[in-house]
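The block underneath contains the structure these notes are about, expressed in structure tokens.
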Amino acid sequence: MSSEQAITTRATDFSAWYNDVVMRAELADYSPVRGCMVIRPRGYRIWELMQQALDGMFKETGHENAYFPLFIPQSFLAKEADHVEGFAPQTAVVTRGGGKELEEPLVVRPTSETIIYAMLSKWIQSYRDLPVLLNQWCNIVRWEMRTRLFLRTTEFLWQEGHTAHATGEEAEAEARTILGVYRRFMEEWIAMPVITGVKTDAERFAGAVRTYACEALMQDNRALQAGTSHFLGQNFAKAFETKYQTAAGGLDYVWSTSWGVSTRLIGGLIMTHSDDVGLVCPPRLAPVQVVIVPIFKTDTERDAVLQTARGVLESLKKGGVRVVLDHREGMKPGAKYYEWEGRGVPVRLEIGPRDVSQGQTMLAKRGGSKSPMRIGELEVGIRATLDTMQNELLAAAKTRREQNSVRGVSRQQLIDLMEGPGGFAYGGFCGGEKCETAIKDATKATVRVLPDPEFRSQPAPTRCVWCDQPATTEAVWAKAY
RNA sequence: CGGGGCGUAGCGCAGUCCGGUAGCGCGCUUGGUUUGGGACCAAGAGGUCCCGGGUUCGAAUCCCGGCGCCCCGACCA
């Protein structure tokens, strides 16, 4: 089984390490179909936990789930000029069905804006019908040249939110609200700190007026675009004639947004926290938060230890902890430790004869130390431990990000940084496409975001790092996934 | 699509240069002994050597042609 092969170290080969971690933790596997992946139960459980958390947040902000079809008439995609130009090369198209050539080819959705606006046009008549706040959980297909487990696969799972509003201000505010939701989720659940901001025109979603994004820094100092939220203006409304009657009696196109995060987040989780032993999973998203490993020699010890272990199992379960008892026999405790560590289980409770007689367990933190805990204190103590670990992961990731961020870079520093260690490079930017392209050609780095105020440097840079003309904004560069 | 690597048991590999009838480690099955950081003994099961041609008495091995996967680049969440 792949689960027992050695893991390549991060220092040796980060890509190989990443693949090894995914395999070792049994999160996913390659599929018989090129570019596609199979998400295994341990990986899917993380996604379910992510879904649960996010879905709750979407509902709190007034969104409702719906489902739109997988197949989109090809002509729909063509209605918005930028959109079709952006996605056409990446689409899979069905031309036959039921053994017959189709009258109109059907595109397997690369995203659902077009079919959703076609429907919204039917559903929206008046400003009283607005806003419409929709979300859907689904799979999408984008034909990729080069794929990587979770980070970029031909088919992937995501949620896509689509909202329609009476005013541009309201739509813009919605896009910003969701960006905040994403950020909160990434930090509080994935323990993955992100910088938020606006994308440049070159990096903008095809068909959007403005694209907001959350960017995280992975352990190899490359940036991961973890989520995007788009203000679409009236682009799709115009393409699909999605109009409504205003309070004043006039007709106007709706203003809209769309936003999404995908199973790519699992890749972000892995590359943010994991180590050379295997997966490190933040407790809030860990399929198994606690594993109990019983230790015994004689039958008498076995009975006593297992009885205690079962008691701990039940009490933790009642307390809402995701816990399993590893009672497999014929496997040494040490072997179990390695296995569960590779799978990223945050806490291990060892219970042996000595512990039973002393009314305690040995609590080992993933990647940390071991210390005894009284059995009576476990219900409270485990919760506290998991919370602490969750916070420590976020803090450690934040520290790592800051240590690998350089502010106020010069042209030469930017080049050196991207040739060398990588990371986030903050600098002044004239906003010109020429400079953006030149920087990309010279360094392979792209503008990840024009950062939101709280991430900006003090004082603000005054000159463009590349052309030395006055800066119109600050930008964050990095090599990206 | 370019550059690099690889394809032999479930997994990791050796064997390929120099052709001779397929091997190692791990895992798996059965039995026994073990169990506080990757247990041991014994007996087993498991193979279209990526595919198709060719050379040869004989091909995992040599020749020709395909296919697939991984990594690095160009496209992208």
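Lettering of chains follows the sequences in order, A, B, ..., and the numbering in each one begins at 1.
Within the nucleic acid shown, A:Leu151 comes within 4.0 Å of at least one base atom, counting heavy atoms only. Across all strands shown, A:Glu144 has heavy atoms under 4.0 Å from base atoms, whether or not it also approaches the sugar-phosphate. Residue A:Glu350 is in base contact, counting any heavy-atom pair closer than 4.0 Å across all strands shown. Base engagement by A:Glu341 is indicated by at least one non-hydrogen atom pair under 4.0 Å involving a base atom. Within the nucleic acid shown, A:Lys370 comes within 4.0 Å of at least one base atom, counting heavy atoms only. Residue contacts for A:Arg328: at a heavy-atom cut-off of 4.0 Å it reaches no nucleic acid atom on any strand shown.
Distance from the side chain of A:Met362 is smallest for B:G36 among the nucleotides B:G36, B:A77, B:C75. Here the nucleotide nearest the side chain of A:Lys440, chosen from B:G37, B:C71, B:C75, is B:C75. Distances were taken from every side-chain heavy atom of A:Arg142 (C-beta onward) to each of B:G36, B:A77, B:A74; the shortest belongs to B:A77. Taking every side-chain heavy atom of A:Lys444 into account, B:G73 is the closest of B:A77, B:G37, B:G73. For A:Ala335, the side-chain atoms get nearest to B:A39 when compared with the rest of B:A39, B:A77, B:G37. Distances from the side chain of A:Tyr338 to the nucleotides B:G73, B:G36, B:G38 place B:G38 closest. Side chain of A:Thr153, nearest nucleotide from B:U35, B:A74, B:A77: B:A77. Set against B:G36, B:A77, B:C71, the side chain of A:Pro353 has B:G36 as its closest nucleotide.
Nucleotide B:U29 has B:A43 as its partner under the Watson-Crick or G-U criteria, with both atom distances under 3.5 Å. Across all strands shown, B:G5 is found opposite B:C69 as a Watson-Crick or G-U wobble partner, with both distances under 3.5 Å. Look at B:A77: it lacks any Watson-Crick or wobble partner with both distances under 3.5 angstrom. Across all strands shown, B:U48 has no partner, as no Watson-Crick or G-U wobble contact with both distances under 3.5 Å is found. Pair check for B:C24 finds B:G12; Watson-Crick or G-U wobble, both atom distances under 3.5 Å. With both pairing distances under 3.5 Å, B:U35 is matched to nothing as a Watson-Crick or G-U wobble pair.
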Nucleotides 66-70 of chain B: which of its N/O atoms have a protein N/O under 3.5 Å away?
from, atom 1, to, atom 2, distance (Å)
B:C69, OP2, A:Arg34, NH1, 2.6

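Along RNA chain B, the nucleotide closest to A:Met331 and the one closest to A:Thr228 are compared, and the more 5′ of them pairs with A:Met331.
Remark: A:Lys297 is not in phosphate contact with B:G36, judged by side-chain N or O atoms under 4.0 Å from OP1 or OP2.
Ion pairing of A:Lys59 with A:Glu64 is absent here, as no side-chain N (NZ or NE/NH1/NH2) approaches a carboxylate O to less than 4.0 Å. In summary, A:Arg328 and A:Glu339 engage in a salt bridge, as defined by a charged side-chain N under 4.0 Å from a carboxylate O.
Ring-plane geometry between A:Phe236 and A:Tyr117 is classed as parallel, the angle between the planes falling under 30 degrees on a 0 to 90 degree scale with a further cut at 60.
In this structure, A:Glu339 places its CD atom 12 Å from P of B:A39, rounding to the nearest Å.
For A:Thr257 (side chain) and A:Glu174 (main-chain N/O), no donor-acceptor pair under 3.5 Å exists by modelled atom type.
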request  = For the pair A:Thr228 and A:Phe205, evaluate side chain to side chain contact (heavy atoms under 4.5 Å, CB included) and give the outcome as yes or no after the intermediate values.
outcome  = CA-CA 9 Å; A:Thr228 48; A:Phe205 172 73; over 6 Å; no
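Across B:G53 and B:C71, the matching P atoms stand 32 Å from one another, rounded to whole Å.
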